[in-house]
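A, B, ... follow the sequence lines: proteins, then strands. Residue 1 opens every chain.
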Amino acid sequence: MSLPRSPGVRREISPTPRYNVYLFTQGVSFMPERYQDSRLFRIRHSTAHIMAQALLEYLPEAKIAIGPPIEDGFYYDFDLPRALNADDLKQIETRMKQIMREDHAFNVREVSADEARAFFKDQPYKIELIDDLVNGRVDDNGNKIAEPASSLTLWTQDSFTDLCRGPHVENTNTINPDAFSISFKMPAGAYWRGDEKRQQLTRIYGTAWETKEELDEYLHILEEAKRRDHRVIGEKLGLFTIVPMVGKGLPLWKPNGAIMRDTLERWLRQVQIDNGYQPVVTPHIGNIELYKTSGHYPYYKDSQFAPIQSDDEEFLLKPMNCPHHIMIYKSEMRSYRDLPVRYAEFGTVYRYEQSGELNGLTRVRGFTVDDAHLFVTPEQLVEEFVNVVKLIQYVFATLGLDDFSARVGIRDPKSDKYTGDDALWEQATAAIIQACQQLGLPHTVEEGEAAFYGPKLDFIFRDVLKRRWQLGTVQVDYNLPQRFDLEYVAADGTRQRPVMIHRAPFGSLERFTGILIEHFGGAFPAWLSPVQALLVPITDKHVEYAQSVAATLRAAGLRVEIDSSRERMQKKIAAARERLIPWLLVMGDRDREANAVSVRLRTDEDLGQMPLSQFVEMASSIVGEKRMELK
RNA sequence: GCUGUUGUAGCUCAGUCGGUAGAGCACACCCUUGGUAAGGGUGAGGUCAUGGGUUCAAAUCCCAUCAACAGCUCCA
C-alpha cells in the first residue's frame, strides 16, 4: 500500500492546479478554466509585483528573487538586510494600497538576454534566472526540465520592473485595495529554488481576491481552521497526546480517543466481513529480504527506521502490510474457485518521516492502516475494483463525508521510479478507468500520482472548510504478484497469475481521526462521541437517581458519564458544552418523580422533559443507525 | 533534515533593568442544595525543557542538546 509521501501532504491540502489534469465526468471530458487563465491569477501576480515595488521603496538594498501567484494568493521571496516584523508589513501594505489607488498601467516589453542582464545587473537572483531561461534547465540527472526560452519579457508598473512571463492586470487601479492582505501571516524562511543548501530568503505571503467579501471569507476560514485544529481539540477533549519520552510522531491514544478509534475499527471490520473480507493478523516486523523481494526497500529506504540487527538477520519495522499478506496467500495452493481472496488487517506500520513533516495525528511515524489486499483473477478485476469503490463510498456516506472527488493517479512517463512492464501498467490503468466509468464516478487523471508498482484511485475529501485531504486509496497491482511469483490454478489446470488490489478507505486511523476532528470541530456524530450523554443531577440528592439512569443507558449500549461534582447545575452545563457532548440529561425532583430526564442538546436546543424510556429509544436508534442528527 | 520562533503548575499564559515564581482554569477540602452558559472560601501543586557557561546572584544573559510550532517543489 502506498500512502502519500513527503512532501505530499502540502500538495494534498493546497493542490496547485496543474497543466496535466483533465477532468472526466460521466465519461465526457472537458477542460475547466485553468487557474492560470483566470483574472484572479493575474490579480495575484500583479499584487506580488506591487508588493515587490513597495518593499524595494521601503528597503532599497533588498534583492528580489521570485514572486509567483499560488493557490489562494501569492508570495515574493526577498534577500533582505534585516528581519521584518508585523509593523514593517503594515507599512508595506499601506504603500501597496496607495499604489493601487493610483493609475499605473502594466506594460510589457520583449528584450534580449543581454539587455535583461544589463537591466538586472544589481539583482543576482534575476541574473541566475535569465541564465537558466536562456540555456534551459536540467535536473540532477541531466534530464531537460525546461526548454530554452524563446524570448524574455519585462513587465513594468510605476517605478518597478520585473523579469516576468506575465500576464498581468491592465492597471494597478483595477485591483481592489481592500481585497488583499500581506500582514495576515508573518514572513517565513524559504530557500532560493527550494534548495536548503542555497541562500535562505525571506518569503512574504499575500492573499488577494476580487472583493473584500471574498478576502474576509478567506480570513475567516483561516481563523476557523485554527479553532478546529485537531491538536487543540485533541487536548481539550482528551483524545490523544504525544510525549517526547515515547517519541515524536508516535501518538498515545487516551481513552476518549481510543474509544472513537475502536468504534471506527469495529464498524469497518464488520462492514468488511459482510463484504467477504477475511481478517488476518501479521507481525510488526519482518525480515528485510521480504521487502527487498517486494521492492519496497529501495523505494522507501530513506523513510524507514533503521533495520534491526539480530544475530545474522536483519529485520525492518514494517513500512507496509502487503508483503505479509502476500505470504499468507502464498502459503497455500490456490484454485480459481478460491478467488477473490480478500485479506483485511488493521496493520500498524512505521515510517521515518522527516521531523519537519510531523504534525499531530495527520503526519506521524507509526500509524495503523485499514488495509486489505484482494487477490483476483484478471477477469474479476474490474468487478472487484467496482465493489471496493462502492464499499469506500458507503463508508464515507455513513460518516457524512459527502464532498469528495476521485483522482486516478497514473505514471509520469518521464520518470523512471516505477517498476514493471509497460503493458501491465496500461492494463491496470485501463481497468481503473473502466471501473470509474462503470460507476459513473467523476474523476481526474493525474500523471505522476501512481504508486511505484501500479496506478491508483484516490479519494480526495473536502471538509467543511473546503480544505482538501487525501483519504481512501485503491491500487491495482500486477507487479507484486510477479515479484512474489503468485499463482492460482485455473479451470483448465494451468498456473495463472492473480492481480492484486490494495485498498484502504481511511488510509490511516490516525490521520483519518485527525481529519474527522477538524471536519466536525470536535462535535462528532453521536455514535462516534466518546461520551454520548452527560447526566447532570441538580443536587447530590439526585445522584442516586442519575446512577440508576446511567445503568439503564449503559444497558442500552450508550456511553454515559455522571457529573456528580458538588457544583451548581449551571456550571456543569457550561462544562459539558465545552466538551461537545451530544446529549445533556438534567435531572431533579420533577424528573425523578416522573422517571424522566430533561434533555438538552449540544446545539443548545432544549427538548424539555422526556420519559427515560423515550430517550433510550431515541438515543439508541440514532447511535445504532449512525445518524448525524441528535433528535 | 534545513531556517526561524517558542519551551515557566495538568491546561492557557504573565513574570520589568539579572536579586531565588504568579494568575485563570482544572484538582482537593469547607460553605452553598441551586431547574439549563461558569456561587464563595481555603489549600495543594513548579530542578522555570535538559546540560554546561558568565555572574556575588540566572526563569531572565551566552553555548549546546531535546521538543513543539511555522516555513522550506509551487520554477521569471
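For RNA chain B, if you chain together Watson-Crick or G-U pairs that step i with j, i+1 with j-1 and so on, the runs of at least three with distances under 3.5 Å are B:1-7 with B:66-72, B:10-13 with B:22-25, B:27-31 with B:39-43, B:49-53 with B:61-65.
Note: NZ (A/Lys571) to C1' (B/G40) measures 11 Å, nearest angstrom. The CD1-C1' distance, from A/Ile204 to B/G4, rounds to 15 Å in whole Å. Distance A/Leu133 CG to B/C75 P: 13 Å, rounded to the nearest Å. The interatomic distance linking A/Glu357 (CD) with B/G71 (C1') rounds to 11 Å, in whole Å. Protein atom CG of A/Asp77 is 17 Å distant from nucleotide atom P of B/U3, rounded to whole Å. Distance A/Tyr191 OH to B/C74 C1': 17 Å, rounded to the nearest Å. Atom CZ in A/Arg193 sits about 23 Å away from atom P in B/G71, given to the nearest Å.
Taking for each of A/Glu578 and A/Ser355 the nucleotide of RNA chain B with the nearest heavy atom, the 5'-most of the two is the partner of A/Ser355.
Between B/C72 and A/Tyr205, a contact under 4.0 Å exists linking OP1 or OP2 to a side-chain N or O. For B/A68, the OP1/OP2 oxygens have no side-chain nitrogen or oxygen of A/Asn359 closer than 4.0 Å.
With contacts defined as side-chain heavy-atom distances shorter than 4.5 Å, the pair A/Thr47/A/Trp209 does not qualify.
Partner of A/Leu55 under the side chain to side chain contact (heavy atoms under 4.5 Å, CB included) criterion, out of A/Ile182, A/Leu89, A/Ile204, A/Ile50: A/Ile204 alone.
Closest to the side chain of A/Lys248, from the set B/A37, B/A67, B/C74, is B/A67.
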Which pairs, protein N/O on one side and nucleotides 29-36 of chain B N/O on the other, fall under 3.5 Å?
from: B/U32; atom 1: O4; to: A/Arg566; atom 2: NE; distance (Å): 2.8
from: B/U32; atom 1: O4; to: A/Arg566; atom 2: NH2; distance (Å): 2.3
from: B/U33; atom 1: O2; to: A/Thr539; atom 2: OG1; distance (Å): 3.3
from: B/U33; atom 1: O2; to: A/Asp540; atom 2: N; distance (Å): 3.3
from: B/U33; atom 1: O2; to: A/Asp540; atom 2: OD1; distance (Å): 2.8
from: B/U33; atom 1: N3; to: A/Asp540; atom 2: OD1; distance (Å): 2.3
from: B/U33; atom 1: N3; to: A/Asp540; atom 2: OD2; distance (Å): 3.4
from: B/U33; atom 1: O4; to: A/Asp540; atom 2: OD2; distance (Å): 3.0
from: B/U33; atom 1: O4; to: A/Arg566; atom 2: NE; distance (Å): 3.4
from: B/U33; atom 1: O4; to: A/Arg566; atom 2: NH2; distance (Å): 3.1
from: B/G34; atom 1: N7; to: A/Ile538; atom 2: O; distance (Å): 2.8
from: B/G34; atom 1: O6; to: A/Ile538; atom 2: O; distance (Å): 3.2
from: B/G34; atom 1: O6; to: A/Asp540; atom 2: N; distance (Å): 3.4
from: B/G35; atom 1: O6; to: A/Asp589; atom 2: N; distance (Å): 3.1
from: B/G35; atom 1: O6; to: A/Arg590; atom 2: N; distance (Å): 2.8
from: B/G35; atom 1: N1; to: A/Asp591; atom 2: OD2; distance (Å): 2.7
from: B/G35; atom 1: N2; to: A/Asp591; atom 2: OD2; distance (Å): 3.1
from: B/G35; atom 1: N2; to: A/Ser598; atom 2: OG; distance (Å): 2.6
from: B/U36; atom 1: O3'; to: A/Arg600; atom 2: NH1; distance (Å): 3.4
from: B/U36; atom 1: O2'; to: A/Arg600; atom 2: NH1; distance (Å): 2.8
from: B/U36; atom 1: O2; to: A/Arg600; atom 2: NH1; distance (Å): 3.4
from: B/U36; atom 1: O4; to: A/Ser598; atom 2: OG; distance (Å): 3.4

